[in-house]
Structure formats: C-alpha cells, structure tokens
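Let me begin by presenting the structure, written as structure tokens, before commenting on it.
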Amino acid sequence: MRIDAITLFPEWLLEIERYGVVGRGLRQNRLSLAAWNPRDYTSDPTRRVDDRPYGGGPGMVMQSAPLAATLEAIERARGASAPVLLMSPQGERFDQRWAERLAAGSGFVLVCGRYEGIDQRFIDRHADAELSAGDMVLSGGELPAMMIIDAVARLIAGVLGDARSAAEDSFANAILDHPHYTRPPADEAGAVPDILLSGDHARIARWREKQALGRTWLRRPDLLDAIELDQRQQALLTEFVAEYAERVPRP
Ligand code: 9D3
C-alpha cells in the first residue's frame, strides 16, 4: 500500500511514521508513505501557494496550479494514477467503511487544505472524493489525513500482530465495546464484576455481549437502528433494558 499526502507541513505529517501501527507497517514494507509540499511545485519565486478570494471576503485560498503540479509529480513517482481524496469540512464523513474500502485498494493520495479553502477548479478536476473528520472546525486537513492513514494501516494484512484484532474491530464497528477491567480485583474506585473473576468463559462471553449491546442502546441507538439483532442478542438487550429500568427508576 502506497499513500502520498500533499501538505504544507510534510514533516508534521511524517511524524506518524515513528509511532505505533503505521511505524510497524512501514518497517514491514507493507506500507509506504510520502509527503509532498506544494511550495516545491510552484513557479512563484516567493513559493506562494495561496491568494485572495475572488469576490472578496476574509482569508486566503489555495491555488490550483501548485496542487496540480504536485499531483503530477506524485503520479510520475507512482507510475500510475491513484484515487485523490481531498480533506475537507464539506466532505463525506470518514468512517470504518471508508477505511475498509481504502484498505482494499493499492493506495491513494490525500490532499490537505489550509487557509479558507482550495480553488474549486482543482477539486472539480482532480478530487475523486472529499472526506471530513466530523463536525468540528480544524485549521487544516493534516490531522484528518493522519487519522485516515492510521485507520487504513491497521487494516493492511499482517500489520496488526494479531490477525484476530482487525476482524474483531470490524464487528466492534457495528456496536460499542463492552467494559474492560484489569488487576487489582478491588481498589478505591470499586470492585471488578464478580462474573469476570468466575472463570466461567461462557457466562463471561454472554455478560460482555449483553454489556456491549446495552451500552450501544444507551449511548448510540443510531448504531442499533442500522443492524439486525439475532434472537439471542435481542434477548440479551431486553435483559439489559429490564435491569436498567430497575436500577434507574424514572420519575
Ligand atoms: C472557520 C472557517 N470556516 C468557515 C468560515 C471554513 C473552514 C475552512 C477551512 C473551516 C475549516 C477549514 C480547515 N479544515 C479542514 O481543512 C478540514 C477539516 C475540518 O476542519 N473539520 C473536519 N474535517 C476536516 S478535513 C479538512
């Protein structure tokens, strides 16, 4: 998998090479990452890549030509074209389905904007999709790009040590995780639920699934609307809801 990123802050973006799952993927040669600065591909002697918006208004707009020239250099280096994904607050929300789709291909180009935005002509001509990290205002596309690289890297076969993990994650994507506990069995914040200390693996699995479904019902009902529960899961959730109604009496 080859990922190229266009950014005014290439050193920052490449920091992720030094850590965690992305670092591991690079060392294993299952992933390669390159960052390209559009200032290196402008004909302007002052290396300018932005200008004032036509029609007026605050802020600056990234010019199309330096981005297009950078993209051309990337395609030359790759020897082929690759999907171009623009990081944008106007984009489609990036999620695990997007991560899976990207991990299934051989790579892509991430374009990180800065300033108020990017000249629409670059977007229209070159962007295959626009992706957002969610409804918050950031100062550029670099952090969303790093987020995407991390999410995709952990789906590349062999990058996660444990083959189970990625598959479990994709189920965990549909509903929330159950709570976790580790030693000690009791501390100033309370005791670990008895069942987890019982050694009864079947009951523990059932308890965890019930907690996962219950938390999803409490915190992310939208996720439950999107999936079909089987009869066993439906029964576990009904149990959770009944116990919850007892614990928290409504006025
Ligand atoms: C505050 C300025 N905004 C309206 C006047 C427009 C705006 C322009 C540029 C808002 C943010 C940005 C920079 N953000 C990104 O490039 C970005 C982003 C984000 O801000 N939130 C979530 N996902 C993304 S992906 C790229």
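For ligands, and for the atoms within them, numbers begin at 1 and follow the listed sequence.
Heavy-atom contacts from other residues, nucleotides or ligands closer than 6.0 Å to NE2 of His180 number more than 12.
Ranking protein heavy atoms by distance to atom 24 (C) of ligand 1, first place goes to Pro144 CG, 3.8 Å. With hydrogens left out, the protein atom closest to atom 17 (C) of ligand 1 is Pro89 CD, 3.5 Å, a heavy atom. Among protein heavy atoms, atom 9 (C) of ligand 1 sits closest to Tyr115 O, 3.4 Å. Taking atom 1 (C) of ligand 1 as the reference point, the nearest protein heavy-atom neighbour is Val137 CG1, 3.8 Å.
The main-chain N or O of Val49 is never found under 3.5 Å from a side-chain atom of Thr42 such that the two would form a donor-acceptor pair. Judged by distance alone, the side chain of Asp187 and the main-chain N or O of Gly190 form a donor-acceptor pair under 3.5 Å.
Taking OH of Tyr41 as the start and CG of Leu71 as the end, the distance is 11.0 Å to the nearest 0.5 Å. Taking CD of Gln233 as the start and OG1 of Thr216 as the end, the distance is 10.0 Å to the nearest 0.5 Å.
Between the side chains of Ser81 and Glu75, no donor N or O sits under 3.5 Å from an acceptor N or O.
Here atom 8 (C) of ligand 1 lies nearest to Glu116 when heavy atoms of Met136, Glu116, Gln90 are compared. Taking each of Leu143, Leu86, Leu138, Ile118 in turn, the one with a heavy atom nearest to atom 14 (N) of ligand 1 proves to be Leu138. Checking Gly113, Ser88, Gly91, Cys112 against atom 25 (S) of ligand 1, the nearest heavy atom belongs to Ser88.
Both the backbone and the side chain of Ala133 come within contact range of ligand 1, each with a heavy atom under 4.0 Å. Contacts between Leu131 and ligand 1 below 4.0 angstrom, taking non-hydrogen atoms only, involve the backbone exclusively.
Heavy-atom separations between Gly134 and ligand 1 include at least one value shorter than 4.0 Å.
Hydrophobic clustering (ILVMFWY, side-chain heavy atoms < 4.5 Å, transitive): Trp207 and Leu213 are in distinct clusters. Following chains of ILVMFWY side-chain contacts shorter than 4.5 Å, one can reach Ile74 starting from Val152, so the two form part of one hydrophobic cluster.
In summary, the atoms of ligand 1 found under 4.0 Å from a heavy atom of Ser132, numbered by their order in the structure, are 22 (C), 23 (N).
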